[in-house]
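The block underneath contains the structure these notes are about, expressed in structure tokens.
In this text, all values refer to a predicted model and were calculated from it rather than measured experimentally.
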Amino acid sequence: ISAGLFIKSLNNVSRIDLGISPEDVVNFPISPELNGYEFDRAKDLFVRAEDELAAIPGVNAVSAGIVPVLGGSNWGQSVSVEGFDAGPDTDVNSRTNRIGPDYFRLLGTTILSGREFTRSDVGDEPTVAVVNETFARKFGLDPRTAVGKRMAIGGLRDDLDVEIVGLVEDAKYSEVKDEVPPLFFTPYRQQDGVGSMTFYLRTSIDPAQVMQGIRDVVARLDPNLPVEDLKTLEAQVRENIFMDRMISTLSSAFALLATILAAIGLYGVLSYSVAQRTREIGLRMALGAGGPAVRGMILRQVAWMVVVGGIVGILAAVGLGRGAQSLLFEMETHDPAIVLVGALLLAGVALGAGYFPALRASKVDPMQALRYE
């Protein structure tokens, strides 16, 4: 039953709408700041890297973000938003990300209104931002008029110097299982203090064929700059729910092992019990009991074991499930379908294990049984 709960929980996790399309996307971070780059020099490197990576055969689009998608990282800032009356105790914090051009198109996130960033959104141009649906709801923005509103980054400020130029559909930010937070995006080309970046490449060929080209490009840009953690975005998503997958796999393996051991143990106990009752069975058959009656007698013994063990096991499984509630996703610990399936499965295993000793008992020769020592 516990294994069933974890398997269903994992299935719930795997069906979450991420708000992105991770298929055929390769991602990797580089951190020039760790190699002594000043921020301006690092930004120049990122711009050159976008151009070089886009030239790799089989690459359809390239973009970047300072906070990796579903990488477990969070970056938040307080904001002021036009038309939102924030008091001293109002929560005005939002998650944020600094990204490159074509970020949403590459990841497959729907732009509901306005536009996303382009290569012209650089430092000397007006400062712009894109917000998600949850941000709009939190700060009272009407989705129909959110584009064109102004905001400020960094606390309660009157100088709203950032224009909202786009509204995008909600997409997962840090963790697959977490609710989508309020989130705003700014172009990294307009920001100072960017020393590391995660790049994303959407490919039209097998991503594995592009990975060597990525290493070659980074080596040309700076031979001393390592390519860190190069992998597909699908692999990143799997890593994000690694604990769910591991618990589900381990619980299933232990459940299978326990079921096999229970079947072997029950078979051994019943075989020994039948051997001990050989003379009794022979006497019953000599007095007219048929094979079906003998099999029924043995299987009734098994049925009682199933009833008693089932009640104890179900109560224990429900208690264990409650203890593991924090590990389950969008489900209750007393799922009736899983309890029923688990009980029927083990009842079938138990009756199967008891059938063969019962069958052997029903074929005992009464005369030999009566002489059995």
If you measure from the Lys or Arg side-chain nitrogens to the Asp or Glu carboxylate oxygens, is any gap between [X] and [Y] under 4.0 Å?
X      : Y      : answer
Asp142 : Lys149 : no
Arg137 : Asp170 : yes
Arg95  : Asp178 : no

With distance as the sole test, does [X] use its side chain to make a donor-acceptor pair with the main-chain N or O of [Y] at under 3.5 Å?
X      : Y      : result
Thr109 : Gly19  : yes
Thr96  : Phe184 : yes
Glu116 : Ile111 : no
Asp121 : Thr118 : yes
Thr203 : Ile205 : yes
Gln190 : Val128 : yes
Lys172 : Ile20  : no
Thr127 : Val162 : no
Ser9   : Phe329 : yes
Thr259 : Ala255 : yes

Out of curiosity, [X] [atom1] to [Y] [atom2], how far, rounded to the nearest 0.5 Å?
X      : Y      : atom1 : atom2 : value
Ser80  : Asp85  : OG    : CG    : 11.0 Å
Phe254 : Ser2   : CZ    : OG    : 12.5 Å
Phe6   : Ile247 : CZ    : CD1   : 5.5 Å
Ser94  : Leu183 : OG    : CG    : 6.0 Å
Arg189 : Arg119 : CZ    : CZ    : 4.5 Å
Glu234 : Asp24  : CD    : CG    : 7.0 Å

Notebook entry, point to check: Of Lys177, Lys8, Arg238, which is the lone residue that meets salt bridge (Lys or Arg N to Asp or Glu O under 4.0 Å) with Asp244?
Noted result: Lys177

Is any side-chain heavy atom of [X] less than 4.5 Å from a side-chain heavy atom of [Y]?
X      : Y      : answer
Val131 : Phe139 : no
Ile164 : Arg150 : no
Val217 : Phe199 : no
Ile214 : Ile56  : yes
Phe28  : Leu201 : yes
Leu346 : Val306 : no
Glu125 : Val122 : yes

Minimum heavy-atom distance [X]-[Y], with the two atoms named:
X      : Y      : result
Pro22  : Val237 : CB-CG2, 4.4 Å
Tyr173 : Trp75  : OH-N, 3.1 Å
Pro207 : Thr232 : CB-CG2, 3.9 Å
Ser113 : Val147 : OG-CG2, 3.4 Å
Thr134 : Pro182 : CG2-N, 3.5 Å
Ile7   : Ser252 : CD1-OG, 3.2 Å

Item checked: Flag for Asn74-Ser174: side-chain donor and acceptor within less than 3.5 Å -> yes

Notebook entry, point to check: Would you say the side-chain atoms of Asn240 and Gln236 include a donor-acceptor pair closer than 3.5 Å?
Noted result: no

Check: Are Ile1 and Ile314 close enough, and set up right, to give a side-chain contact (heavy atoms from CB on, under 4.5 Å), and what steps lead you there?
Finding: CA-CA 8 Å; Ile1 291 172; Ile314 288 172; 4.1 Å; yes

Using a cut-off of 6.0 Å, state whether more than 12 heavy atoms not belonging to [X] lie near its atom [atom1].
X      : atom1 : answer
Glu228 : CD    : yes
Asp159 : CG    : yes
Arg322 : CZ    : no
Met246 : CE    : yes
Asp229 : CG    : yes
Tyr355 : OH    : no

Note to self: As a test of understanding, state which of Asp102, Val26, Val210, Val25 forms a side-chain contact (heavy atoms from CB on, under 4.5 Å) with Arg202.
What the structure shows: Val25

Tell me whether [X] shares a hydrophobic cluster with [Y], the cluster being built from Ile, Leu, Val, Met, Phe, Trp, Tyr side chains joined at under 4.5 Å.
X      : Y      : result
Tyr188 : Tyr37  : yes
Val341 : Val318 : no
Leu112 : Val168 : no
Val307 : Leu315 : yes
Ile153 : Ile66  : no

Item checked: Test log, rule ring pair (Phe, Tyr, Trp, His ring centres under 6.0 Å), inputs Phe104 and Phe185 -> CA-CA 11 Å; Phe104 303 111; Phe185 304 85; 4.9 Å; yes

Check: Angle class for the Tyr200/Tyr103 ring planes (parallel below 30°, perpendicular above 60°, tilted otherwise)?
Finding: perpendicular

